[in-house]
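A single structure is presented below for examination.
Proteins come first, then strands; the chains are lettered A, B, ... in the order of their sequence lines, and each starts at number 1.
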There are 2 protein chains.
Amino acid sequence: MRTVSQDALRRQLREVFNAWGVSRENSDIIVENMVESDLRGIDSHGVGMLPKYDEYRRNGALDPKANMRIVRDFGAIALIDADHGLGHAPATRAMQMACDKAEQFGVGVASVRNSNHFGAAGVYASMAADRGLIGMCMTGTTQRSVLPTFGKEPRFSTNPIAFAAPAKRNNAFSLDMATSTVAVGKLNIARRAEKPLPIGWAHDDQGRPTTDPVAALSATPKRLSPLGGTRELGSHKGYGLAVMVDILSSVLSGSLIGGHDPKTGDRNKYINVGHFCLALNPEAFREEGEFGDNMDDLLDMLRDTIPVDKDQPVLVAGDPEYAEHARRSAEGVPMTDILAGEIREVAEQCGAPYLLGN
Amino acid sequence: MRTVSQDALRRQLREVFNAWGVSRENSDIIVENMVESDLRGIDSHGVGMLPKYDEYRRNGALDPKANMRIVRDFGAIALIDADHGLGHAPATRAMQMACDKAEQFGVGVASVRNSNHFGAAGVYASMAADRGLIGMCMTGTTQRSVLPTFGKEPRFSTNPIAFAAPAKRNNAFSLDMATSTVAVGKLNIARRAEKPLPIGWAHDDQGRPTTDPVAALSATPKRLSPLGGTRELGSHKGYGLAVMVDILSSVLSGSLIGGHDPKTGDRNKYINVGHFCLALNPEAFREEGEFGDNMDDLLDMLRDTIPVDKDQPVLVAGDPEYAEHARRSAEGVPMTDILAGEIREVAEQCGAPYLLGN
């Protein structure tokens, strides 16, 4: 394990994207979004994705030289075609367009089609909150890994919902959640710790709930549970939310579902992920300043709730990420030797310098 | 138990609302929404609410003679003041305004403040789908009954999310879910059956998870779990979604949180519930007909998923309600003698005829 400064991370990523032929403009956005994810502690969606992006690039599923274009700009909505590049730049553009439209019309929506993995959804929702707006971001995915309730085969993936709303004294409320109970990373943690899984996390290759992390991880494809975990605890709700996310992100934009054509079940050459960005202007609804004051009242009330255990206070969505962001901004981003080795390989393959040390 | 025809139900409700002084225009909307909820099998949000509405009316928390008014109509958004009447008519108006705006701008949002209980959120989302649009509806609530993760005291309630999207060959996808694991009704069912509760449904009066339905029901106020049930299974996600619903419904419109002022913890004379309605026009994003075709592809794929148990096929959100709607439209709405007795009392108290038989 080593600790890497955010600046070293930025330099390393820029070198790789430059070697891949990503435009400087797009590279700057991708790098900022990836580093922001790592600073928040969302390790699964930051620099840790680089080896996967390289795999997509090498097998032709990702075009580093992509030039996104706006294909519709109508009233309070827009549609962007990502041209099969990484999703970070088109989703950033989409959220900024949604915000522009929200400032003009009170609400704005922009969708992205023909895209790819875009990092952490919460980073986009925060862009709206940084402008004093409410932001919502969802995305389709690159694969199938989550079961519909009662189903034996996965049909979609962790389909995240991110939502951010600005306050005055408090940090913005910032929810960034998969609509599955957990992501695959948690199964690996349990496997390494030789601990059983709780029922409600994952299934074996027959779609049966399992407590065995090895059985869950060896199922191909994986079979995670929708939020709720079991029918008795409401997995049909997590399933419903996941489909909502795919309707808004994938169907509305004209993209695939979990990288598969829902009609034929086939994968295409490209993954064709869709994203959904929405922004709302609180000042279109409330008098100047009222919304922020009332957000503070709500967040204060939640934090002031008497806890069951006095050592575990009630948190608000975003609290752990804000704390981690402050810590890692000061101390750097921890990185396993395995990931550092993988990044070295990615760099060597494209002729970029490796900058993260031995 | 008796069975009541939907027409008898309509006549009975009209008589009561007329005696209360509700305008004919508002009464027609309230009656249709309540009966629609009962036809869908959502017994908790239809005619079963009448005794509660009467209680609100008698203690002054609900003004049957309310005249809603549009207080903001700006670009793609609107804000309606419900004037402390029942929520059905203002929320219907809000969803229709959101749809009008979505047809004009691609997306539209309308919020309602100073409102009250509005029945089933799914009924409003369906209004958009009936017009070929995507609809989303959320609402704040009249009480506090759900714990934030780690909390001992409830801070909000079942904060529902409803979402509907039209297809071509298939019924519209129609999700209508509380962001709690279950509603109070399920605790009563377990109590009457003398069955233990699963961990993840509810807590005792100390905020501890309980399997005892009597302990859960005797807690005042109730302490239900957010969706996910426990921290290990993701209750922080259900908690986060519930707060998102209150931000969009209550804070954005300028309403209370679960009937309480979040700053002082006090209740006011009025409950001041807020609602949120959003509509999206798929034809602003896609070519003519593509969205409906792709919705069919998605819904067909989900239904065609191989099930774990061949006798329990994979369903799509809305399927149980569509089946119940067909059944009850033909056969009538089942009603317990206790509820019929309560409705008789409501009718007698306001001098309306009682029409549902002995």
Salt-bridge contact A:Glu232-B:Lys186 (side-chain N to carboxylate O under 4.0 Å): no

Contact leader toward chain B among A:Leu175, A:Ile247, A:Leu299, A:Thr181, where contacts are heavy-atom pairs under 4.5 Å: A:Ile247

Distance, nearest 0.5 Å, that separates CE of B:Met244 from CE of A:Met177: 8.0 Å

Max heavy-atom pair count under 4.5 Å with chain B, selected residue of A:Gly265, A:Ala102, A:Ala178, A:Pro154: A:Ala178

Most contacts with chain A, counted as non-hydrogen pairs under 4.5 angstrom, among B:Ala165, B:Pro198, B:Gly228: B:Pro198

Verdict with reasoning, B:Val316 to A:Val243, per side chain to side chain contact (heavy atoms under 4.5 Å, CB included): CA-CA 9 Å; B:Val316 166; A:Val243 177; over 6 Å; no

Student check: side-chain heavy atoms of A:Val314 and B:Thr149 closer than 4.5 Å: no

Heavy-atom pair count under 4.5 Å with chain A, highest-scoring of B:Gly254, B:Gly200, B:Gly234: B:Gly254

B:Lys168 atom NZ: more than 12 heavy-atom contacts under 6.0 Å: yes

From B:Lys263 atom NZ to A:Met301 atom CE, the distance as rounded to the nearest 0.5 Å: 13.5 Å

Which portion of B:Phe163 sits near chain A, non-hydrogen atoms under 4.5 angstrom: side chain

Pick from A:Val308, A:Leu252, A:Asp297, A:Val109 with the largest number of heavy-atom pairs that fall under 4.5 Å of chain B: A:Leu252

Contacting moiety of B:Thr264, where chain A heavy atoms sit under 4.5 Å: neither

When B:Gly229, B:Gly207, B:Gly318, B:Pro307 are compared by non-hydrogen pairs under 4.5 Å with chain A, the top option: B:Pro307

Residue B:Val71 versus chain A: region with a heavy atom under 4.5 Å: neither

Check: A:Ile77 and B:Phe285 side chains under 4.5 Å, non-hydrogen atoms: yes

Chain A contact via B:Pro313 - which portion, at a heavy-atom distance below 4.5 Å: backbone

Toward chain A, the part of B:Leu79 with a non-hydrogen atom under 4.5 Å: side chain

Which of A:Ala164, A:Pro148, A:Ala317 touches chain B most, by non-hydrogen pairs under 4.5 Å: A:Pro148

Working for side chain to side chain contact (heavy atoms under 4.5 Å, CB included), residues A:Leu241 and B:Leu241: CA-CA 11 Å; A:Leu241 288 171; B:Leu241 288 171; 3.5 Å; yes

Interatomic spacing from CG in B:Asn294 to CG in A:Asp246 - rounded to 0.5 Å: 11.5 Å

Contact class of B:Ile306 relative to chain A, heavy atoms under 4.5 angstrom: both

Nearest-0.5 Å distance that lies between atom CG in A:Leu227 and atom OG in B:Ser235: 9.5 Å

Min side-chain heavy-atom separation B:Leu280-A:Phe276 under 4.5 Å: yes

Value rounded to 0.5 Å, distance of OG1 in B:Thr305 from CG in A:Leu147: 9.0 Å

Least distance between heavy atoms, B:Leu233 atom then A:Trp201 atom: CD2-CD1, 3.5 Å

Chain B contacts, top residue of A:Glu153, A:Arg286, A:Met136 (heavy-atom pairs, under 4.5 Å): A:Arg286

Interface moiety of A:Gln206 toward chain B, non-hydrogen atoms closer than 4.5 Å: backbone

Residue pair A:Gly106 / B:Phe74: nearest heavy atoms and the distance that separates them: N-CE2, 3.8 Å

Per-residue contact mode, B:Phe173 against chain A (heavy atom under 4.5 angstrom): side chain

Enclosure of A:Lys195 NZ (heavy-atom neighbours >12, cutoff 6.0 Å): no

Top of B:Pro282, B:Gly108, B:Gly238, B:Ser111 for chain A proximity - count of heavy-atom pairs under 4.5 angstrom: B:Ser111

Part of B:Gln312 lying under 4.5 Å from any heavy atom of chain A: both

Contact class of B:Ala78 relative to chain A, heavy atoms under 4.5 angstrom: backbone

Contact origin within A:Ile257 toward chain B - heavy atom pairs under 4.5 Å: side chain

Heavy-atom proximity to chain A below 4.5 Å, by part of B:Arg72: side chain

Contact winner vs chain B - A:Ser253, A:Ser225, A:Ser250, heavy-atom pairs under 4.5 Å: A:Ser253

Region of B:Glu287 that comes under 4.5 Å of a non-hydrogen atom in chain A: both

Side chain / backbone / both / neither for B:Asp300 at chain A, heavy atoms under 4.5 Å: neither

Reported CG-to-NZ distance for the pair A:Asp176 and B:Lys237, which is rounded to 0.5 angstrom: 9.5 Å

Which portion of B:Ile134 sits near chain A, non-hydrogen atoms under 4.5 angstrom: side chain

Non-hydrogen side-chain atoms of A:Leu315 and B:Tyr239 separated by less than 4.5 Å: no

